[in-house]
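Each chain gets a letter, A, B and so on, in the order the sequences are listed, and its residues count up from 1. Side chains included, hydrogens not; waters and symmetry mates left out as well; all remaining heavy atoms used. Remember, predicted model here, so these are calculated numbers, not experimental data.
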Amino acid sequence: MKKNILRVIFIFFVLIITSCENNQKPNEINIYSQRHYAVDELQYENFTKQTGIKVNVTKANADELIQRLKIEGSSSSADLFITVDVGKLWQAGDMGLLQKIEDETITSNIKKEFLDPNNFWVPLTFRSRIIVYSKDRVNVNELDSYESLADKKWENRLLIRSSSNSYNQALMSSIIANNGPKVAEQWSSDIVSNLARDPKGNDRDQVKAIAAGQGDLAVVNSYYIGLLLSSEKEDELNAGNSVGVFFPNQRVDQSGAHINVSGIALTKNSPNKENALKLIAYLTSSVAQQTYVDNTYEYSVNPEIEPNKIVKQWGDFKKDNLDLNMLGVKRNEAIRIFDKTGWK
Amino acid sequence: MEISLNQIKKNSFKSLIVVLLAFIIVLPIIALFVISIGFDTTNFFYFADYLLLDYTLSTLYLLVLTIFFSFLFGIVPAWFISTSKFKGRRFYDLLLYLPLAIPTYIMAFSYGDILSFSGPFQSFVRDFIPSLTTLVNQDYLQIEVLSILLSFSLYPYLYAACRISFSLIGNNYINLSKNLGLNELKTFFKIGIPLSLPAIFSAIFLISMEVLNEYGAVSYFGINTYTSGIFRAWGSMADMETASILAILLFLVVCFFFFIERWITNRYNYSFKSNSDLSPNFKNSYQKLVLIHITSLIIILAAFVIPIIYMVNNIFVDFDNIDFFDVFNLSKNTIFISFIASILIILVVLFIQYVKRISNSKILNFVGEIISLTYALPGAVIGISIILLFAPINDSLGFLLIGSIPVLVYAYFIRYMAVAVSPILTSFKKYPKKLDDAGKSIGLKPFQFFRKIFIPLNNNAIIIAFCICFVDIMKDLPLTLILRPFNFDTLATQTYEYAIEEMITKSSIYSLTIIIFGIILLSILSIKQSKK
């Protein structure tokens, strides 16, 4: 009996040790990613074909990945960290989990306005948080800015998802950074009193709710409209077609439409740094950027690449030129305003 | 007492291993306490001031509603199927287990889409019954709707527990009750329910844990539960320490209810003689038959058939884009990891229960109980505490344990242990101690007796425990997401990734594959159960 148990324990240990891996491998890189679009795998495959470097990915939620990076410390095998919200990149940088990227090939791929002043992250794509409205019930001339969504005329007509969602947290952070916390708080409580229903569902559900007549306008990420308009389901296509797209804050004296980037960062202890930089350079190159634009309806950060034709027909727009790091810096304050004003 | 002390001494090696195993199992909880030592209280008090009451109330409301609907969907058909004879009984019995194979978040996302304005339900009404268009055009993302959807995938826990219990009550008591002039309804309330209380309580415990741990579906429905609070503290405020404190508080509350449950169970543990004649025996009036068929059919249709048709339809819509090789690969991963973890769990649970039985010590009894409690912690929190546990080993040994298969299996092991304990324990308790003595008298050593007689006797329960474990691990999301090796996807993670990116159509092939495997296993379970 004792012998048997000891034998089992021994075999178990051998199994554990043999199944574990070393950090550093000559031709591999390891990514912790919050992005889980099918196009990402395509990008990595193309990169491997071109360079022979194998790309390993673990996909999970940003907060869990940040925590894992923090706990793993210097023994972490991760080379790169990818998120869909720049606030999380700022947070990882702030926690000392990242190292600066100073690489001419990479920065030359990207429009200056999107670069991180501190060089802790590199943008891969960007998206805007736009207003969509019912073509039947809203005249586009009535729309103006995020701030004007607080207007009494939108009472019981506005749709937006929960404040737990990081896209909304980023939007609120930008409003705090642009207008100050007092204005932001008033804005938040006015928005809550204008809501047609409690915040719920995802961005697509807000559009569907407009189609259903439960509200007249909604705040959503731009690429979801692209996805609806390219859907193979007729009902989704109809929902997409029933709304108009409006970029807020476009007047000369206004800040421009809020944008957020999906970005990549080099971890502090990256075991395969050189290869990791090669991947960043590849992902920001025009070939890879074209692949992003065609598959996810996001905007490219590379000046050479035009948006997909569905997205392009909405026209060019003025972007909020706030330092994107503010979307992380102001995050905690944003949450508190949400809670205080009852934005669920 | 002296005898049992002696026995403990005799079995000291085995008891030591049990205590060691229990320690390994509760290690993450200890780690969680360690994380939260010396935490900054600002966020916690902020949370307590602004959110705690609201979040707790909506959690309780959701919990009560879900338990209520699970009762409705679970107990009523379980009673009819256990006590009446009618055509299609076996068929219903099988189908009523199956919704357990549908993960709660898939149920919620699917119905969210089915009921939405652009979904099939409203489109159908618009095209064929236009007069009802405005009536059905509602906002369905409500807490009440969510509770019904959650109970669709959770009621089988109650159904399974009551099926066993009602069958065991059997004819003797029911005949007695008939002779005393009680009708079926009264028999149900006066005999059926009271004698099944322990089974009902343990099922409610599992259902409550699932509801408390649910995150995907509740956040989609915009409902703030206690677990959303944990994630809000963690994610939005970047404060893992406060999240841990909240998790520990939840854990303590759950412990409290767990021990109350045990207390009630022990109090109500009527040792009734289970019955020899299992054939169902209530007479079926015409009205009753209609009632049986309608209730069973509605439940099966709503909780199982409709979601399945929806997924199959999605698969046809997206058929050209499906990567079947990928589906095959992920199925392989999923089966591999669920199989290893379930086998390990069953072996350890058997071992612990066996040692508990032969040593008969209070300490070991207690140990046997506490290992079930890890089920109360949110999966993502267990995930982080496991990373915390293994990080020092990473550092000192130079190879990576985190993100390896053994650590993932370990995580499943501690998380899903509770699921296996209850059927095995229930089954063991049925056999009296006399049996062990009989084994001794024919010269078998305890371990031999256990292997040659006890395990075959409890074969059914072991298979049931294995199946439920397997299905649960297959559906697991939070642990797999954060602890899996590089490039290791399972059907559940892939389903989730598409669903979270709002591509439900693409996720359907993966969720349907989970469900198909689940159906196969649950069919085995159902067949075993009816043999039992």
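Of the atoms belonging to A/Lys340, heavy atoms from both backbone and side chain fall under 4.5 Å from chain B. Using a 4.5 Å cut-off between heavy atoms, B/Tyr220 touches chain A through backbone and side chain atoms alike. Contact annotation for A/Leu237: neither backbone nor side-chain heavy atoms come within less than 4.5 Å of a heavy atom of chain B. Of the atoms belonging to A/Asp339, heavy atoms from both backbone and side chain fall under 4.5 Å from chain B. Contacts of A/Asp198 with chain B are absent, with no heavy-atom separation under 4.5 Å from either backbone or side chain. Neither the backbone nor the side chain of B/Pro120 has a heavy atom closer than 4.5 Å to any heavy atom of chain A. Only the side chain of A/Asn61 comes within less than 4.5 Å of a heavy atom in chain B; its backbone stays farther off. Looking at B/Phe109, neither its backbone nor its side chain comes within 4.5 Å of chain A, counting heavy atoms on both sides. Looking at B/Asn321, only its side chain comes within 4.5 Å of chain A, counting heavy atoms on both sides. If you measure heavy-atom distances from B/Gln122 to chain A, you find no contacts under 4.5 Å at all. Heavy atoms of B/Asn314 lying under 4.5 Å from chain A belong exclusively to its side chain. Using a 4.5 Å cut-off between heavy atoms, A/Ser164 touches chain B through backbone and side chain atoms alike. Proximity to chain B (any heavy atom under 4.5 Å) is shown, for A/Ser166, by neither the backbone nor the side chain. Using a 4.5 Å cut-off between heavy atoms, A/Arg336 contacts chain B through both its backbone and its side chain.
Residues B/Tyr410 and B/Phe390 meet the side-chain proximity criterion, which asks for heavy atoms closer than 4.5 Å. The shortest side-chain heavy-atom distance between A/Leu227 and A/Arg204 falls under the 4.5 Å cut-off. A heavy-atom distance below 4.5 Å is found between the side chains of A/Ile31 and A/Leu279. Residues B/Gln494 and A/His36 are not in side-chain contact: their nearest non-hydrogen atoms beyond the backbone lie 4.5 Å or more apart.
A salt bridge does not link A/Arg68 to A/Asp63: none of the charged side-chain nitrogens sits closer than 4.0 Å to a carboxylate oxygen. With salt bridges taken as basic N to acidic carboxylate O contacts below 4.0 Å, one links A/Arg35 and A/Glu298. Salt-bridge formation is detected for the pair B/Asp489/A/Lys59: a Lys NZ or Arg NE/NH1/NH2 atom is positioned less than 4.0 Å from an Asp or Glu carboxylate oxygen. Ion pairing between a basic and an acidic side chain is recognised when a charged N comes within 4.0 Å of a carboxylate O; B/Asp139 and A/Lys200 show such pairing.
Put simply, of A/Asn238, A/Thr58, A/Asn202, the one with the most heavy-atom pairs under 4.5 Å next to chain B is A/Asn202. Counting heavy-atom pairs closer than 4.5 Å to chain A, the top-ranked of the candidates B/Asp113, B/Thr505, B/Asn137, B/Thr480 is B/Asn137. Here A/Val57 is the residue among A/Val55, A/Val57, A/Asn332 with the most heavy-atom pairs under 4.5 Å with chain B. The most heavy-atom pairs under 4.5 Å with chain B, out of A/Ala209, A/Gly201, A/Ala62, A/Ala38, come from A/Gly201. Among A/Ser163, A/Ser162, A/Gly342, the residue with the largest count of heavy-atom pairs under 4.5 Å with chain B is A/Ser163. If you tally non-hydrogen atom pairs under 4.5 Å between each of B/Gly112, B/Ser123, B/Ser118, B/Gly222 and chain A, the highest count goes to B/Ser118.
Donor-acceptor pairing under 3.5 Å is recorded for the side chains of A/Thr341 and A/Ser188. Residues B/Tyr55 and B/Thr225 have side chains that never bring a donor and an acceptor to within less than 3.5 angstrom of each other.
Scored by the side-chain hydrogen bond (donor to acceptor under 3.5 Å, both in side chains) test, A/Ser270 finds A/Asp79 as partners (sequence neighbours excluded).
Checking each of A/Val132, A/Asp203, A/Val207 against A/Leu228 for a side chain to side chain contact (heavy atoms under 4.5 Å, CB included) leaves exactly one that passes, namely A/Val207.
Taking the ring centre of A/Tyr224 as origin, the terminal cationic atom of A/Arg127 falls outside the region bounded by 6.0 Å and 45° from the ring axis.
Here the closest non-hydrogen pair linking B/Ser228 and B/Val218 is OG-CG2, 4.4 Å.
A/Asn272 CG to A/Ile29 CD1: the interatomic distance, rounded to the nearest 0.5 Å, is 7.5 Å.
Of the possible polar contacts, none joining the B/Asp318 side chain to the B/Lys506 backbone as a donor-acceptor pair under 3.5 Å is found.
The interface of residues 80-97 of chain A with chain B, defined by heavy-atom distances below 4.5 Å, comprises A/Lys88, A/Gln91.
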